[in-house]
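Working notes for the structure below.
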Amino acid sequence: MLKKLSIAALIGVYSIIFAEIFVRLLSPYPLIPRFVTGGENGVRANIPGSVYRHVTPEVDVEFRINEQGIRADETIPQDKPEDIFRIVLLGDSFFMGYESTLEDSLAGRLPLLLAECGIKADVVNLAVSGFGSAESLVMLRTRGVAFDPDFVVMQWHRGDVTDNFRSGLFALEDGELKQTRQSYLPAVSVRDTLREVPGYDFMVQHSHLYTAVRDRLSIFVKNLLVQINLAFGPAAAEVPNTPDPSAAVPVEGPVLHESILFEARDVASRHGAEFAIFDVPIVFGDTLISSFGEIREPTLEQMHAFSPLDEFMAHLDEGIYLKEGHGHWTVQGNRIAAEVLARELAQAAGVGQCHAE
């Protein structure tokens with residue numbers, strides 16, 4: 001019996017090694033690990049003090065997370081110096097700067113660009129990969145306002161509509177936004193348990209086979225959560241079911257994702273900060289389309305809404321989105337996005353027309 005078990009184990013190990021070699025040689029998979037855990041506020045958080053790499057055919061960059069769970073090399077004082085214009089960023093992997101060095105990311109470039117406009121600024125980047133705007137709202141309420149920001153910028157991506165619905169953190173009850181769940185930590189407990197296994201973190205960062213399986217499983221779980229909410233939750237009509245990303249969600253009256261944006265704006269305002277949403281255009285065929293298509297025009301008119309779409313389109317032939325990883329911004333894409341945001345923030349700060357570049 002022991003002999004048979006040993007043979008079965010050897011066959012299993014051999015199969016895994018063979019599959020790893022096969023994937024590496026014939027279909028290399030981008031290694032883009034996400035080092036996240038559960039935060040005290042009930043949503044995901046970057047693991048404090050973690051250091052890891054993103055490696056694809058296009059990039060090889062290091063991620064350094066400080067002890068506050070922020071992608072930064074230094075601790076950011078919660079008490080804001082009087083002469084500082086502080087910006088809190090909320091979003092997912094685009095604002096966090098996935099597949100980019102810290103220096104080349106939007107968050108890394110922004111203070112330098114604002115300095116060219118005569119603004120001494122710092123950036124508190126509370127973005128976490130996978131976040132929808134519902135999770136960003138929780139982050140703003142629980143951590144963002146504690147940094148006493150002058151301006152809060154929330155990233156907006158078309159996928160936020162589905163992400164917000166999937167999380168179940170908020171729902172509309174008689175037209176009013178209510179928090180219906182205190183936590184949304186998909187697969188976090190599983191990851192935390194696996195990280196106790198020696199060698200797991202190494203495998204996460206180096207195994208093409210594991211990464212491919214993990215990513216496919218993640219997509220399956222995300223779709224399953226949507227189906228569960230469709231079956232048992234409200235607001236099912238708000239989930240886009242069209243492949244055309246230019247088509248807005250056809251609903252009337254209050255809708256969940258817009259109500260979340262209004263609440264985030266109001267939270268920022270109550271704490272003395274301005275609020276804006278920043279568009280992440282999406283690739284559609286051989287062009288780009290604004291994610292603002294999922295937000296109705298009257299809503300956009302009631303808040304600051306910044307988009308790099310025109311500038312992206314003007315430089316499209318230079319490469320805005322990476323093609324062989326997970327489709328984040330290139331160095332050029334980050335640069336343009338940061339320049340657009342810096343100009344808009346400078347104008348909002350009363351500097352006027354500042355051509356940061």
Mind checking whether [X] and [Y] have side chains closer than 4.5 Å, heavy atoms only?
X      : Y      : answer
His271 : Asp148 : no
His326 : Pro30  : yes
Phe262 : Gln302 : yes
Val204 : Arg191 : no
Arg53  : Asp60  : yes

Under 3.5 Å: donor-acceptor pair, side chain of [X], backbone of [Y]:
X      : Y      : result
Asp279 : Ser291 : yes
Arg71  : Gly97  : yes
Arg34  : Ser129 : yes
His315 : Ile336 : no
Ser259 : Leu177 : no
Ser105 : Leu102 : yes
Glu344 : Leu341 : no
Thr162 : Gly159 : no

Determine the minimum heavy-atom distance between [X] and [Y], stating which atoms define it.
X      : Y      : value
Ser136 : Met154 : CB-CE, 3.8 Å
Ser133 : Ile260 : O-CG2, 3.6 Å
Leu169 : Gln182 : CD2-C, 4.5 Å
Pro149 : Val88  : CB-CG2, 3.6 Å
Asn41  : Thr142 : ND2-OG1, 2.9 Å
Tyr98  : Pro33  : OH-O, 3.8 Å

Pair Glu103, Arg64 - check salt bridge (charged side-chain N to carboxylate O under 4.0 Å, His left out), show working.
CA-CA 12 Å; Glu103 295 74 19; Arg64 301 178 298 276; 3.7 Å; yes
With the 4.5 Å side-chain cut-off for hydrophobic clustering, are [X] and [Y] part of the same group?
X      : Y      : result
Leu110 : Leu112 : no
Ile119 : Ile84  : no
Met203 : Val197 : yes
Ile47  : Val188 : no
Phe63  : Val331 : no

Kindly compute the distance separating [atom1] ([X]) from [atom2] ([Y]), expressed to the nearest 0.5 Å.
X      : Y      : atom1 : atom2 : answer
Glu99  : Glu324 : CD    : CD    : 10.5 Å
Ser100 : Arg109 : OG    : CZ    : 7.5 Å
Glu82  : Lys120 : CD    : NZ    : 11.5 Å
Asp192 : Thr37  : CG    : OG1   : 3.5 Å
Glu135 : Asp92  : CD    : CG    : 9.5 Å
Glu173 : Gln179 : CD    : CD    : 11.5 Å

Looking at Leu89, Ile76, Asn46, which hits side-chain contact (heavy atoms from CB on, under 4.5 Å) with Ile70?
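The residue from Leu89, Ile76, Asn46 that satisfies side-chain contact (heavy atoms from CB on, under 4.5 Å) with Ile70 turns out to be Ile76.
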Partner of Ile277 under side-chain contact (heavy atoms from CB on, under 4.5 Å), picked from Asp160, Val153, Ile295, Val152, is Ile295
Step by step, work out the side chain to side chain contact (heavy atoms under 4.5 Å, CB included) result for Ile289 and Leu309.
CA-CA 7 Å; Ile289 294 178; Leu309 179 62; over 6 Å; no
Any side-chain donor paired with an acceptor under 3.5 Å for Ser93 and His328?
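Per modelled atom types, Ser93 and His328 side chains form a pair under 3.5 Å.
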N-O pairing of Arg270 and Glu263 below 4.0 Å
yes
Kindly indicate, with the supporting measurements, whether the criterion side chain to side chain contact (heavy atoms under 4.5 Å, CB included) is fulfilled by Arg296 and Val255.
CA-CA 10 Å; Arg296 294 172 296 183; Val255 291; 3.8 Å; yes
Kindly indicate whether a cation-pi arrangement holds for Arg195 with Phe35, taking the cut-offs as under 6.0 Å to the six-membered ring centre and within 45° of the axis.
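Positive - Arg195 is close enough to the ring of Phe35 and near enough to its axis.
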Centre of Phe131's six-membered ring, under 6.0 Å away, within 45 degrees of the axis: is that where NZ or CZ of Arg44 sits?
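So Arg44 doesn't make the cation-pi contact.
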Over 12 non-hydrogen atoms of neighbours within 6.0 angstrom of [atom1] in [X]:
X      : atom1 : answer
Asp174 : CG    : no
Glu62  : CD    : yes
Asp79  : CG    : no
Glu74  : CD    : no

Worked verdict on Asp122 versus Arg86 for salt bridge (charged side-chain N to carboxylate O under 4.0 Å, His left out)
CA-CA 5 Å; Asp122 68 9; Arg86 175 163 284 173; 2.9 Å; yes
Verify whether the ring centers belonging to His304 and Phe275 lie closer than 6.0 Å.
no
Can you classify the ring geometry of Trp329 versus Phe95 as parallel (below 30°), tilted (30 to 60°) or perpendicular (above 60°)?
tilted
His54 and Tyr52 aromatic ring geometry - parallel, tilted or perpendicular at 30°/60° bounds:
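Rings of Tyr52 and His54: tilted, 30 to 60°.
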Check against side chain to side chain contact (heavy atoms under 4.5 Å, CB included), Arg141 and Leu137
CA-CA 6 Å; Arg141 285 175 169 179; Leu137 172 56; 4.1 Å; yes
Dump the intermediate steps for side chain to side chain contact (heavy atoms under 4.5 Å, CB included) on Phe147 and Ile87, then the final yes or no.
CA-CA 9 Å; Phe147 282 94; Ile87 304 132; over 6 Å; no
